[in-house]
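A short worksheet on the structure shown next.
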Amino acid sequence: MDPARSPDEPQHNEALAGCYFWCSDGLIVRDAGIGNMTHVLAGLIKNGDFTQILQRLDD
């Protein structure tokens with residue numbers, strides 16, 4: 001994530017060639033399908049972005 005951007009601004013990850021788009025309350029995978037969603041989630045984990053983009057909600 002670009003440190004100059006607010007967390008509420010839309011973001012995308014060039015490391016995953018634009019396979020996804022995210023903002024403070026959503027993650028959109030460009031291409032439909034479980035394989036594509038899995039690819040993006042695995043890439044987020046590998047790049048260390050998973051917990052920043054998908055934040056756990058309190059019970």
Side-chain angles (χ1 to χ4, degrees):
M1 181 175 145
D2 182 346
R5 289 186 178 182
S6 163
D8 294 331
E9 288 185 58
Q11 308 286 321
H12 61 91
N13 189 324
E14 295 301 327
L16 291 173
C19 290
Y20 71 90
F21 169 88
W22 74 277
C23 57
S24 63
D25 62 351
L27 172 67
I28 299 171
V29 176
R30 180 177 61 198
D31 299 318
I34 293 172
N36 291 319
M37 289 186 280
T38 302
H39 170 75
V40 167
L41 293 173
L44 294 176
I45 292 168
K46 182 179 179 182
N47 294 338
D49 294 329
F50 183 83
T51 57
Q52 178 182 8
I53 294 172
L54 298 175
Q55 298 177 8
R56 179 180 277 267
L57 298 175
D58 294 329
D59 291 335

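If you read the sequence from its start, that first residue is 1, and numbering goes on from there. Below, all heavy atoms of this structure are taken into account, side chains as well, without hydrogens, waters or symmetry copies.
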* **Atom pair CG/NZ of L16 and K46 - distance to nearest 0.5 Å** =>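 One gets 9.0 Å once the value is rounded to the nearest 0.5 Å.
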* Asked: To the nearest 0.5 Å, how far apart are OG1 in T51 and CZ in R56?
  ->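 One finds 11.5 Å between OG1 of T51 and CZ of R56.
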* To do: Could you tell me whether the side chain of Y20 reaches within less than 4.5 Å of the side chain of I53, counting heavy atoms only?
  =>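 Yes, side chains in contact.
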* To do: Sequence neighbours left out, what passes side-chain contact (heavy atoms from CB on, under 4.5 Å) with I45? Give chain and number order.
  =>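 Listed in chain order: F50.
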* To do: Mind checking side-chain contact (heavy atoms from CB on, under 4.5 Å) for V29 and listing every partner two or more places apart, or none if nothing turns up?
  =>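 Once residues adjacent in sequence are excluded, the partners of V29 under the side-chain contact (heavy atoms from CB on, under 4.5 Å) criterion are N36, M37, V40.
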